[in-house]
Amino acid sequence: MLLNLEKSKLAIMKKIRGISVSEGVAIGKAAIIQRKILHVSREHINAADTSKELSKFKQDIEIVIAELEHLIQNYAFSQDQKEILSTQKVILVDPEFVDRVNYLISEENCSRENAISIYFTEVADIFRNMDNQFFSQRLTDYEDVAYRLLSHVLKKGSNRLDSLNDKSILIMDNITPSFVTRVFEKKIKGIITVKGSRNSHSSIIARSMNLPMLVNTSGLLNEVENDQLIIIDGNNGEVIIDPLPEVLLDYENRYQQEQNQKETLLKLIDVQAKTTDEKIIKLMSNIEIPDELERVVKYNSDGIGLFRTEFLFIDREDLPTEEEQYEIYKQIAEKMSPEPITIRTIDVGGDKLSSILNLAHEDNPNLGCRGIRISFENIPIFKQQIKAVLRANVVGNIKLMFPMISNVTEIYRAKKIIEECKHELKDKAVEFNPDLPIGAMIEIPSAVVTSDAIAAECDFLSIGTNDLVQYILAVDRDNEAVASYYQSCHPSVLRSIQLTAENAHKRNIKVAVCGEMASEPIFVQLLLGLGIDELSVSPGRILKIKNEIINSSLYNSQLLAQKCLLQKTSAEVMELLN
Ligand code: PEP
Ligand code: MG
């Protein structure tokens, strides 16, 4: 009997491979939030079952209306969003809809999924034949309602944020950075996406929150259903669906071990990040949203090495004002004082396209109007941000950093604009601190090659390895199809880091790495050996990276880096690191 049970279980348990973005084990229930094609069965029901089906349909409507109300109360930020959701509620109580579905169930013995689908197909046909903008918007509303209702009835994909809880593993086709932060609030166990890549901004945020996440899991949506028990193995890059009892037990043990390791790492909170031969390494944090500050403080990091301010511009309908920015920067600077905070000017573009800046469509956004280029195209917005920073820096610990620098002339230009901002503030007698260290992100090959000239104009440099790898190796950081070409330890990347560090040191300025390479324990010794003074990492990685630093010697790190620099391929470098 037991044997039979195991055999049938064996047939059910499935494994799908993916790319691990944030290591760790998560065990939970699949919660699919996904617009996938819903397959509606056209089968009829027995006449005897129609009254049960009618009352189920009534309940479905009540549940979906409650869901919409919850969304309106808790998640609809703009008036437009509220109106769209309210319209959907009206559709659900429209007698034309309710009567028609009731008729199809009671008179034609349709199942409710079939009846709902027939009704919305009829409506869609009518709207499609009306050549009018208004009706095409109405069609979208109807399609949304149909999807919401059918996904509830079929218990398949849904749009329901409120279906998530502290047992959920969220499954989506792809996920936006802001959605990661919203689902994090639901205390979910982990995230799996079908698409996505390791260094997309969504992945970076999940990592910063220590949320196990797997991306690039093609085929997953055909294998999994809502509420199925699943495991994310973030260490081996696997998702396990319906695990066998002994597999589940094994992962429960691993999960517990991880929790114990985390407890052990907590003991390092007050330990200084210093190598065994006494080289102090500044260990800073990267943040995207002010909410992350709590974790930065909790893990006692030496400051903020990268504040990605573009997140203040994303998912909203108006631009943040100078005042709003000033308040946020001031609060963060005060909270971190006397430790430094490094504010990076907006870096929208790539996967961070912001609708409020009305950016034109670009066929090749990663080579288009990104980073400092956007600021130069929108000088009033750039100036607002700089003025907010100058004012907030009355606290005295802010540094300003520019993204996507390709050329020293961009630093000249940015510095000139900073001077203009200072004059304008002075003319209006607004208080500010003129002493603002400035730095360049080194993330474009041309900036590496001319880092001597750039270093001469800056107070610090910070290497953005996420983009540097993308641009040196000509591999889109968000394209899973070329993920195997994205090699952080390619010899060309190592030589670029070394050259940048050398040029910074010639000018007596410090050089940091704020790309995700700094958050990977395996690269810590290599980066120290290549001459990096500071590492800026996801807050969730601070203690892990500190553990690497305090167990390394600078001397050995330099020997390792020298050996790595002599290798010809990424594979050879990886072999040495392993
Ligand atoms: C980088 O490119 O490495 C970086 C830190 O910036 P972002 O990931 O925001 O492009
Ligand atoms: Mg970058």
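Below, each value reflects all heavy atoms present in this structure, side chains not excepted, and no hydrogens, waters or symmetry copies.
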| request: Would you mind listing every side-chain hydrogen bond (donor to acceptor under 3.5 Å, both in side chains) that reaches into residues 558-574, with sequence neighbours excluded? | output: Gln487-Ser570
| field | Carboxylate-amine/guanidinium contact Arg295 Glu292, below 4.0 Å | value | no
| Salt-bridge present (Asp467, Arg477; N to O < 4.0 Å) | yes
| Selection residues 432-455 - residue pairs positive for side-chain hydrogen bond (donor to acceptor under 3.5 Å, both in side chains), sequence neighbours left out | Ser451-Asn503
| said: Can you list everything that forms a side chain to side chain donor-acceptor pair (under 3.5 Å) with Lys387? Sequence neighbours excluded, please. | reply: Glu424
| query | Is any side-chain heavy atom of Val493 closer than 4.5 Å to a side-chain heavy atom of His490? | reply | yes
| If you look only at pairs with a residue in residues 273-282, which of them pass as a salt bridge (charged side-chain N to carboxylate O under 4.0 Å, His left out), with sequence neighbours excluded? | Lys274-Glu278, Lys279-Asp533
| Mind checking what makes salt bridge (charged side-chain N to carboxylate O under 4.0 Å, His left out) contact with Lys195, not counting sequence neighbours? | Asp173
| note | Glu431 meets the salt bridge (charged side-chain N to carboxylate O under 4.0 Å, His left out) criterion, sequence neighbours left out, with none
| query | Can Lys383 and Glu420 be counted as an ion pair, charged N to O under 4.0 angstrom? | reply | yes
| query | Taking C-beta and beyond as the side chain, do Ile281 and Leu528 meet within less than 4.5 Å on heavy atoms? | reply | yes
| By salt bridge (charged side-chain N to carboxylate O under 4.0 Å, His left out), which residues pair with Asp302, not counting sequence neighbours? | none
| query | Asn551: what forms a side chain to side chain donor-acceptor pair (under 3.5 Å) with it, not counting sequence neighbours? | reply | Asn547
| Pairing residues for Thr465 by the side chain to side chain donor-acceptor pair (under 3.5 Å) criterion, not counting sequence neighbours | none
| Residues in salt bridge (charged side-chain N to carboxylate O under 4.0 Å, His left out) contact with Glu322, at least two apart in sequence or another chain | Arg391
Donor-acceptor pairs under 3.5 Å, side chain of residues 261-270 to any protein atom, not counting sequence neighbours: which ones?
| unit_1 | atom_1 | unit_2 | atom_2 | d |
| --- | --- | --- | --- | --- |
| Thr264 | OG1 | Asn260 | O | 2.9 |
| Asp270 | OD1 | Asn300 | ND2 | 3.4 |

| said: Suppose we screen for side chain to side chain donor-acceptor pair (under 3.5 Å). Which residues come up paired with Asn286, at least two apart in sequence or across chains? | reply: Ser536
